[in-house]
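Here is the structure we will look at, set down as structure tokens.
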Protein chains: 2
Amino acid sequence: MTEAVARVGVDELVDGLRSQGLRITGARRAICAVLAESRGEHLTAAAIHQRAVARSGVPINASTIYRTIEVLQVLSLVRYAHLGHGPAVVHLVQDGGHHHLVCEICGRTEDLPAADVRAALRELAERHHFVPATLHVSVIGICAECRAAG
Amino acid sequence: MTEAVARVGVDELVDGLRSQGLRITGARRAICAVLAESRGEHLTAAAIHQRAVARSGVPINASTIYRTIEVLQVLSLVRYAHLGHGPAVVHLVQDGGHHHLVCEICGRTEDLPAADVRAALRELAERHHFVPATLHVSVIGICAECRAAG
DNA sequence: ATGTGTGCAAAGCATTTGCAGCCAG
DNA sequence: CTGGCTGCAAATGCTTTGCACACAT
């Protein structure tokens, strides 16, 4: 269940921004901290917003959240996923990527290690003369807990 | 590339609605016809709307499109997919399901036969005590054509 | 100093909803 | 007839954008 993965901290994210000549502001630091603490949790922009405000004390505008996510995403530090209806979710790129088990009852998501999935799909994709870049995989079903609950 | 799949026509869709005691209206018939003609193409609600109006001549309200998609989706006759940003796309369930190769350059999608993918992922999901229902898989990358174009 | 990042407010787009009337059954 | 379906219009939810000011560098 638990495995050793490359830990991504605030510093990696902040340094990523700095390395591009981008400026480190309070808002950006807070957002990076929230993402670093999330450890790969799937957060909506709204959730990131809430937490960033809570941790920094300072009000941050929603557009700043979106603009910062956009920047981090271009730097491949975070990734978007669109899991069914509702807002998009963002997660750290910390373990070479992973995919999603989405429970259609409770809505919780669980990670599916990328390495296992990748091999199977890459072969398929190449058979279609397609070069896979980002893998976005969502398996929607019923999680153990909800099944137990009936 | 081409393979024989169970053909889904207007009748299957209309009969699906009728079998649930739902009413067959002009709008619904037009929408079903558009979907049947799409042969698994991925259509946004807006695209379905346009085509349905064009083919029936009668104006149809956008909300009717959404409400009809919803009904068809509950009957498992069509399926939603959320491929990156932008509007959701809908496609016929005609071959036991399929998944998506999405080109990040031209945006076109190609189908990935479900059967091949399913086996690999099902095992993974079950290892996580997860019962897969709908598989939603998108492999994002670069298609043969765009790669050739540089 | 300088121009990048921010807040604010407004617009944008996809989708949903309430309600009154219409039409398929 | 009668309730399910539709149109209309307004509301909603998420995200983007234009502009003027602030602050990191």
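Reminder, nothing fancy here: chain letters follow the sequence lines and each chain counts from 1. These numbers come from the heavy atoms of this one structure, side chains and all, not from hydrogens, waters or symmetry mates. For clarity, every value in this text was computed on a predicted model and none was experimentally measured.
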With nearest nucleotides of DNA chain C determined for A:Asn61 and B:Gly86 from heavy-atom distances, which residue corresponds to the more 5′ nucleotide? A:Asn61

Any side-chain heavy atom of A:Val34 sitting closer than 4.5 Å to one from A:Leu43? yes

For B:Ile48 and C:dA14, what is the distance between atoms CD1 and P respectively, to the nearest whole Å? 14 Å

Let me know the distance between CZ of B:Arg18 and C1' of D:dC5, rounded to the nearest Å. 16 Å

Send over the distance from B:Gln50 CD to C:dA14 P, rounded to a whole Å. 11 Å

Base, sugar-phosphate alone, or nothing: which one does B:Arg28 contact when heavy atoms must sit under 4.0 Å apart? sugar-phosphate

Check every strand shown and say whether B:Ala46 touches a base, only sugar-phosphate, or nothing at a heavy-atom separation below 4.0 Å. nothing

Specify the residue among B:Pro59 and A:Thr44 whose closest nucleotide of DNA chain D lies further upstream toward the 5′ end. B:Pro59

Interatomic distance where CZ belongs to A:Arg67 and C1' belongs to C:dG7 [whole Å]: 8 Å

Give me the one residue out of A:Leu75, A:Ile31, A:Val8 that meets side chain to side chain contact (heavy atoms under 4.5 Å, CB included) with A:Leu13. A:Val8

State plainly whether the residues A:Glu37 and A:Arg55 are in salt-bridge range, i.e. N to O under 4.0 Å. yes

Just wondering, do A:Arg28 and A:Leu22 contact through their side chains at under 4.5 Å, heavy atoms? yes

I need the CD1-P distance between A:Ile65 and D:dT16, as an integer number of Å. 13 Å

Looking at C:dT4, does its base get a donor-acceptor pair with the side chain of A:Arg23 below 3.5 Å? yes

Return the value, rounded to whole Å, for the distance between atom CD of A:Glu70 and atom P of C:dT4. 16 Å

Rounded to whole angstroms, how far apart are OH on A:Tyr80 and P on D:dC14? 13 Å

If you check the A:Thr25 side chain, which of C:dG5, D:dC5, D:dT15 turns out closest? C:dG5

With heavy atoms under 4.0 Å as the rule, sort B:Ala62 into base, sugar-phosphate or nothing. nothing

When rounded to the nearest 0.5 angstrom, what distance separates OH in B:Tyr80 from CD in B:Glu70? 7.0 Å

Output yes when at least one side-chain N/O atom of B:Ser63 is less than 4.0 Å from OP1 or OP2 of D:dG7, else no. no

Take atom OH of B:Tyr66 and atom C1' of D:dG7, then tell me their distance rounded to the nearest Å. 16 Å

So what does A:Ala27 hit on the nucleic acid, given a heavy-atom distance under 4.0 Å: a base, only sugar-phosphate, or nothing? sugar-phosphate

